[in-house]
Amino acid sequence: GAGVSQSPSNKVTEKGKDVELRCDPISGHTALYWYRQSLGQGLEFLIYFQGNSAPDKSGLPSDRFSAERTGGSVSTLTIQRTQQEDSAVYLCASSSGVNEQFFGPGTRLTVL
Amino acid sequence: GEDVEQSLFLSVREGDSSVINCTYTDSSSTYLYWYKQEPGAGLQLLTYIFSNMDMKQDQRLTVLLNKKDKHLSLRIADTQTGDSAIYFCAEILNTPLVFGKGTRLSVIA
């Protein structure tokens, strides 16, 4: 594909359930980022993968959040025991350098 | 601390110029960015400026950077209804982008 894709586009879940969000970066991009966009809070960095290096997890808000990047390509963000405050749009971005991050359309997560 | 600040709303008439302002805190930022987000869509990079520049022009967009005051602005000339969106200013510190909360631009026909 030409751009970053994310799935699902929308996810509604019940409080306490686990969810997995997927990101397919642009082919060949070595860096992958997850951000969260909450109403009134702007965009918040969550986690960053660069090549085979250990990920930068400094933005993850709690230990219920984790992410993997398999084979240096697809990434999955997992939220365990979801809470209502986890409701947000989760955005993935990839880049081949520091100049430009290309964003996917996001996954809108609603926790009831 | 790291903080990027923008006004939340701007309303302009079609055909006028729009100026969206942003202040950032870290003088060591190497690049500063403007992203556009249309309703229901992801973020689209509009333009960026390297920290050793003070101005960059790209068609209807002009970016001005005042490093002394840590002030960045985006001017959109001849604003059109299609420019209605949320505009995010961002700085890069180490690696992840640090975003402002976004300025919602409304264009009145």
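The analysis underlying the following values was restricted to heavy atoms, covering all of them including side chains, and did not include hydrogens, waters or symmetry mates. In the text below, chain A, chain B and the rest are named by the order of the sequence lines, each starting its count at 1.
Note that CD of Gln101(A) is 10.0 Å distant from CG of Leu43(B), once rounded to the nearest 0.5 Å. Glu100(A) contributes atom CD, which lies 11.5 Å from atom CD1 of Ile92(B) (distance to the nearest 0.5 angstrom).
Hydrophobic clustering, with ILVMFWY side chains joined whenever heavy atoms are under 4.5 angstrom apart, groups Phe49(A) together with Leu60(A). Cluster annotation: Trp34(A) is not connected to Leu45(B) through the hydrophobic network of ILVMFWY side chains, with a link wherever side-chain heavy atoms come within less than 4.5 Å. Following chains of ILVMFWY side-chain contacts shorter than 4.5 Å, one can reach Phe50(B) starting from Leu72(B), so the two form part of one hydrophobic cluster.
Only the side chain of Phe88(B) comes within less than 4.5 Å of a heavy atom in chain A; its backbone stays farther off. No part of Gln6(B) comes within reach of chain A, as not one of its non-hydrogen atoms sits under 4.5 angstrom from that chain. Proximity to chain B is limited to the side chain of Leu91(A), based on heavy atoms less than 4.5 angstrom apart.
Other residues, nucleotides and ligands place no more than 12 heavy atoms under 6.0 Å from the CG atom of Asn52(A). Residue Gln57(B) places its CD atom among more than 12 non-hydrogen atoms of other residues, nucleotides or ligands, all under 6.0 Å distant. In the displayed structure, Glu85(A) atom CD is contacted under 6.0 Å by more than 12 heavy atoms of other residues, nucleotides or ligands.
A donor-acceptor pair under 3.5 Å links the side-chain atoms of Tyr35(A) to the main chain of Leu97(B), judged by distance alone.
Using a 4.5 Å cut-off on side-chain heavy atoms (C-beta onward), Phe99(B) and Glu44(A) make no contact.
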